[in-house]
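Remarks on the structure that follows.
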Amino acid sequence: MTTATTPPTAAPATRRRLPGSASMVPVVAPLVLLLLVAALGPLLAPYSPIDVVAAPDQPPSTQHWFGTDIYGLDVFSRVIAATRNDLVVGLVAALLATVIGVGVGLFTGTNESRGGVPGSVARGVTRGLDLFDALPQIVVGLVLLAFFGRNLLTLSVVCGLLMVPTQARVVRTEVLRVRREAYLESARLSGESERGLLLRHMLPNSTWPALENASYIFGVAVTVAAGLGFLGVGLPPPTPEWGAMIADGATAASAGRWWSSLFPCLALAVTVIAFSNLAHQYLRRR
Amino acid sequence: MITAKAAAKQYRGRDNTVVHALNPLDLVIEPGDRVGIIGESGSGKSTLVRLLLGLETPSAGSILYQDGEVSQLSGDRLRQFRRDVQLVGQDTTSSFDPLRSLRDAVRRPALEILGLTVAEADAAVDEVLASLAVDPELSSRRPSQVSGGQRQRFAIARALIVSPRILICDESVSALDVSVQGAVLNEFKDFAERSGAGIVFVSHGVPATAFLSDRLVVMHGGDVVEQGDVSQVVNRPKHPYTARLMGAYRKLSADESSAA
Amino acid sequence: MIARLWRSQRWWIQRVALLPVHLFLFAIAVFFLVRLIPGDPVLIIAGSDDLTADQYERIEVLLGLSGSLWHQLMVFLGRVVTLDLGRSLIDGQDVQEQIAWRLPATIEIALIAMVIAIAVTLLLCIFAMLHPHNPVARFAAFYARSAGAIPDFVLGVAGILVFYTVLGWAAAPTGRYDAGLRPAPRTTGFPFLDALLSSDTVLLSSMLAHLWLPVLVLVVGSAPTIMKVLQRSIEHAVDDEATLFRIASGVPRHVVIVSVLRRASPTMVTMCGQLFGFLLGGAVIIEQLFAIPGMGQYAVQAVGRADFLALQAFLLTVAACVLVVFLIVDLVNMTLDPRRRPGVMVEGNA
Amino acid sequence: MPGDVGLRAANAVEVADLRVRYRTPDGWFTAVSDFSLTVSSGQRVAIVGESGSGKSSVCMALAGLLPLGAAVEATTARIIETDLTARPTRAIPYQVPGVSVVFQNAMNALDPVWTVGSQLGTAIRGRGATSRARARVLAGEWLERVGIRDPARVLRARPYELSGGMRQRVMIAIALCSQPELLIADEPTSALDVTLSVDLLELITSLTADLGTTLLMITHDIGLCRAYSDRVVVMHRGRVVEQGDTEQVLAAPSADYTAALLACAPSLGQLNDHRLTTMVGVS
């Protein structure tokens, strides 16, 4: 209810929180850490992530910081190596979803109220994306991966496609809002061309929320990718991937050997929370 | 300069009902004219403004600028039209792009319509802001960082930077506080007297419209019910609606006894 | 008379009539999906390159890949309409039968979790609305903000570790009930409901012991998504001038609260529709983790064997369920807020 | 009903040193300070000010409807029989007994999803245990009373199906049907056209006169105060700059601000004035 406490006065100067302020550190630090781990992965891992290096089911020790899993692979090395795979999926997915989403959203938002072919196409696309979005992502992801093969590229692309409707909807809603704004008319009266309107006003004003959303999308994409990995339909073994590691460790966990799934769980949670914090804190504008 | 010939506008509502926003209307506006258009919400005055600016196409009749249909203008003719006819709108909050500076907005017509270079345009911005007694420092701010009255000054600056020959003011002071309204009305009057430009002042407020106009057009339900000289329309209205409107103002006004 | 009835009832009839259209369009999309598979699906299924022309043709026919594209599409749509989803090429089981047997089990878990999640959300949100400074309300706000942060399989693994391994409160994650128990006679197809109806208390208690943890995991994982939305829309509805006017016109307290909730509910109902899809997806994962036989298990098996027909049928079935739920959501919303009905003009929609 | 007047407290509003503050991310923002006002029963008082003058905060504070993030302090704050300073603040406030409010825009104030009949009915029943059927009849009568010609249709309608003027009338009916002792009207007609606005204020003043209801009106329009108030309170930047008998204040304002405010509003009488007087330093 704090929203109502805005005093009824002339709008006070609202400034964007600028990068570099103190509140940024807890938001950015985990991200930097994650990116570093992803970049330096092989250098940091003490063992090969895909070779049996010790007896299976060893608890954490000084040799194996996170213990070993049911096959005798070093959990620490695998968690480190998996970071790169999972982040790549998230980044590619977020990028793909945003690029396609912005394009589709701009198209549908600007054409929906028109008559003729573009109008019908735009309305149909919107409807279709709504239907697509209504389906459980994990289910669609599972089927698509089964059909198109399981590798890093298809996984990233599939996760990205799953997020397209969300991004397209965000952009479309914004376009519809921006279209009613008086500043478009003012710009037209100022002599700006239709192309100028689209590029200088519509695009920035309607895509900013999608950029904010991209970091949230990243988190969701990583979760979906890990979920698919967990189901055993993600990256084929023994490729290190958090979801698959959690699944491998789940049976061990129910027998009390918690380490082989706990650490990938933590890595996943830290990643998702770090990126959703970024969405909430840094990019919040209004 | 702008001539409306039996211009009318209908919208198609839902269920295929036809909404007559504006019934056929004739109007001639020349530079130097001061026309006040009075009407309440739904009277068709906003539709008329949009037609005059070429933002919409009349469904019947025509709006002519130097013998060219306004909504069909393009290229140099359109640029010439935009240079001659400018608008100061009502909405002070949303008439500026929230992501761009006020200077960018004011400079835009100078670049696009007058074809100035950025440096020349910036000089023109400073000049027009100075003439409106606006602190040029404010122009680097974003629209949300200045008060409503200041924003409206920038909106005026954006229209005046091309020195239009006809300035259309659509409810330009309605959203402002009374104390600011007076100042803005004075700006309009000064501009008209200084440049000899015409003013089309569209508003639901009779006193402000009467203050700026020589000629009044009273609209009601999509029709022009009365037009004529200001003092005649205000003091000796012919149409019953106009009489009722003036009566309402008399009731609220201090000079109730003197005018009756 | 009929014309008037049509005019007043058109809003829901139109919406209901759209459902088969949507399903049909979706079926067409699924049809083309199989045609987009890189490589030759026949060879992928056969698992080897050297097939006799006869064998090849047989598989092609079974996959619905023979004849012209138009012919294929017609055959496929004909099958969908008659609910004949074919026979799996891998194990020869009737796909239709498998799904009819497994779908109710999955839907049951999703529905139970959904009902509980909605109830918990409503209670927490109403409490937070009336006592915003209470610690419980603050916790609810924090919990809602965590939406989507922790995936349900992580919660599931943690739940098993804590409640089964350490505390021993939950039964082993090995299915719907203890091994050795006989399932209840199949009356409705929904296993838990059947157990309830059969009044087999041993089976029922075993089911409860096995089900509470997966349901809890689904609820904990999914409740924040709707809680976030409901909290925000309740806040808006409370701050609304309409609420202040209701209060100021002196109506009883409960009328004010009902008024706030009704204005806040459409977003929540919409969210519940999405929650169902989310829970269906969640159920697929949870089934895997708790070894519960259902659609999820079926789909994962099918992926392992590249059983395209089964996957196609799986996707279509899930889509049908979700589309039905969305139909219900739309109808409920149009009832709650008549402005959402098509053809209703709203002036000054601020 | 006019006979009730004698039974009522002599003063409908007694407020001294009212201060309203809001919690903002940058600390406390004081919207109103040192506000004192006494309104005797049956009076019509107008609070005039521009945006940011704090007049709306005063009105919401007196109606007990400020949000949780607002802090209200006063040495005295008695509205009818309620001591506002002794009331606990609630997330969803309670009505101050005997006080009704009319808002600026009925489109926002009326509940969009309920029919007019339901909203008017609950307001009528809120006051006493009237039966549903009786409330329905009374609701129809109230609609007629506020000048609605086809009450049966309007009762079945939802707010968005009515014209702006009708909605405003419905809102007035709902606010007055509980026969409040004080009606607070927050810019009741600012969103409307002037002819309609005059009609509605005539309606409000005649109904409140019939019911013996005290009227506290908030407006930015000096014309409305002139025509429809006995006393006027002029506010500027959260403070009262002047108050007194309406005619006196408007004829001979003692505060510079009031004088300036009066001077810069264009009126039909100054058609030939070359320039409007403007307020120095205000822009």
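Naming convention: chains lettered A, B, ... in sequence-line order (proteins, then strands); numbering from 1 in each chain. Just so it is clear, the values below take in all heavy atoms, side chains as well, and ignore hydrogens, waters and symmetry mates.
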With side chains defined as the heavy atoms from C-beta onward, is the minimum distance between [X] and [Y] less than 4.5 Å?
X	Y	answer
Tyr183(A)	Pro98(B)	yes
Leu111(B)	Glu192(A)	no
Glu112(B)	Ser190(A)	no

Does atom [atom1] of [X] have more than 12 heavy-atom neighbours from other groups under 6.0 Å away?
X	atom1	value
Arg194(B)	CZ	yes
Phe191(B)	CZ	yes
Arg83(B)	CZ	no
Arg165(B)	CZ	no
Glu127(B)	CD	no

Gap separating the [atom1] atom of [X] from the [atom2] atom of [Y], nearest 0.5 angstrom:
X	Y	atom1	atom2	answer
Asp97(B)	Met202(A)	CG	CE	11.5 Å
Leu87(B)	Ser186(A)	CG	OG	7.0 Å
Glu185(A)	Leu55(B)	CD	CG	4.5 Å

key: Atom group of Arg158(B) that falls short of 4.5 Å from chain A, counting heavy atoms   =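 The side chain, not the backbone.
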
Residue Arg180(A) versus chain B: region with a heavy atom under 4.5 Å =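 Arg180(A) has no heavy atom closer than 4.5 Å to chain B.
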
request  = Provide the closest heavy-atom pair for Ala182(A) versus Ser95(B) in the form atom of the first, atom of the second, distance.
outcome  =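 Nearest pair, atom of Ala182(A) first, then Ser95(B): CB-CA, 3.9 Å.
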
message = Treating Arg100(B) as the side-chain partner and Arg200(A) as the backbone partner, does any N or O pair qualify as donor plus acceptor under 3.5 Å?
response =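 A pair under 3.5 Å: yes.
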
ask   = Quick one: does Gln86(B)'s side chain have a donor or acceptor within less than 3.5 Å of a partner on Leu189(A)'s backbone?
value =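 Yes, Gln86(B) side chain to Leu189(A) backbone: donor-acceptor pair under 3.5 Å.
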
